[in-house]
Structure formats: C-alpha cells, structure tokens
Amino acid sequence: MINTLPNILIVEDEPSQLELLSYNLDAEGYNVFRAETGEEALLLLKEYHIDIVILDWMLPDVSGLEVCRQIRHNKDTANLPIIMLTARGEEDDKVRGLNIGANDFVVKPYSIKELIARIRTNLRARHGLETPELLTYANIKIDTARHSVTLNGVKISLGPIEYKLLCVLILSPAYVFSRQKLLERVWGNNIDIETRTVDVHIGRLRKNLRDASNIEMIRTVRGFGYSLDFKF
Ligand code: CA
C-alpha cells in the first residue's frame, strides 16, 4: 500500500517553538497540524487522521501527560506514536511518561535534526509510514529522498509548495482532490490559508509541468478541485 505524506501533529504552547518546529517539519515534507493547548490537540485528533504526535509536557490546560493518557485510552489512537518534549533533567517525568505510553522523549533544548531523526524512526517502527522514495506517474519521477523531480528524465525545479502538491497528487493519479482536501494535505490545519491559495500554487505547478513537457497534466474540475491526469 502506498501511503500519503505523513500527518504530524505538534502540540506546543510556546508560539516561537511551534513556529520553528512547524517550519522545519513542513520543509521536510510532512503535513503539519498544530495545537497550542491539550484540548485543541484532542479535538484535532478526533477530526483528522494523524500519524505521529510531538507533544510538549508542560501545557497550559490539559497537561501533555493527560493528553498522552487520553490518546492511549481511545481505541482509534491507541497505537499512535507519541514523542514527548520535556525540560532538561526531568528524569521522573521521563519515567512517568513512558509508563503512560509515550514512545520517545526529546529533552529541550533539542536539535531539530535529532527530533526529525526520531520522528522517522518512530514512524518506521510503528507503521512503515515513510513516504516511498521513488514516486512515478507517466513521465514524471519524484525522488523524495533527494527532493528531486524529473520529467522525461530532465530535472525540473519546483517551489516547496508545488513540490508537496505534486507529491500528494502523484500518489493518487486521476483522483480528483477537492481544494479543501489539498489544503489539508499540503498546508495542514494552518487556518490562515484560503482555498484561493491552492489555485495559485496549482497554477504554478501546471505551468512548470507544461513548460517542461508541452503536455497538460493537471485537470481542473471547475468549482471543485484538481487531479494529476495526462489523458483527460
Ligand atoms: Ca510548554
């Protein structure tokens, strides 16, 4: 089975930390969902399919520990990988967290690189959920390990959003994604983005593909959405 890009939920009440993490994970190709409180995190988990949670221990309302407990007690999320972020040297926290069912711990201040490595390991261990390395459709090839896209064997360069859009579209060729669905898959739950933005980036992607191949590869379903489909 081919999986779509992993959905990652970051639960962190400190805006600058949340921003930094979101930015970096987004750049790594994950679909980022954000929550600033435990309550918000639990609501998002009910609404969306999440593949892994980065959970801050100290939260203003429901504590990270309690969020972790509730995730484990719900049968839909019982096996969801959870990486907890904790303050330096809180060994007791670590023991309590592992007892309650956290999969892994990262101590603040952490290196983003290390956290990303832990995310990969935990996704692989639980679900084999890494994006397959080579995605192909018709004359398009995406090497996700190298973030490189070729068309008829010639490398083309795409912006980061166009790249993510293409990764989502290529996993389900000819499937028509609504603009709302593309928003969720590419931008996560970043509520500041309007569906019009999807049109803008689809327009750029379409132009990139057309310039490189002279073939129309993106189909528009008026008033609804888009698909990757070169035979329409
Ligand atoms: Ca905190």
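Since we're looking at a predicted model, the values are computed, not measured. Atoms within a ligand are numbered from 1 in the order they appear, just like the ligands themselves.
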*Scan side-chain atoms only and decide if Tyr23 and Glu28 contain a donor-acceptor pair under the 3.5 Å cut-off.*
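Looking only at side-chain atoms, Glu28 and Tyr23 do not form any donor-acceptor pair under 3.5 Å.
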_Any donor-acceptor N or O pair under 3.5 Å, side chains Tyr175, Lys181_ =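 Note: Tyr175 and Lys181 side chains meet the donor-acceptor criterion.
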*Among Asp104, Asp51, Asn103, which residue meets the side-chain hydrogen bond (donor to acceptor under 3.5 Å, both in side chains) test with Asn122?*
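In the set Asp104, Asp51, Asn103, the residue that makes a side-chain hydrogen bond (donor to acceptor under 3.5 Å, both in side chains) with Asn122 is Asp104.
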_Measuring only between side-chain heavy atoms, which start at C-beta, is Ile142 closer than 4.5 Å to Leu134?_
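Answer no - side chains too far apart.
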*Are any of the side-chain nitrogens in Asp76 or Lys46 under 4.0 Å away from the carboxylate oxygens of its partner?*
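No salt bridge links Asp76 with Lys46.
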*How about the Ca ion (ligand 1), which protein N, O or S atoms come within less than 3.0 Å?*
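Only Asp13 OD1, Asp56 OD2, Met58 O fall inside 3.0 Å of the Ca ion (ligand 1).
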*Please report the C-alpha distance between Asp199 and Tyr226 in whole Å, then the side-chain angles of each, then the deciding distance to 0.1 Å, and finally whether the side chain to side chain donor-acceptor pair (under 3.5 Å) criterion is met.*
CA-CA 9 Å; Asp199 303 334; Tyr226 303 97; 2.7 Å; yes
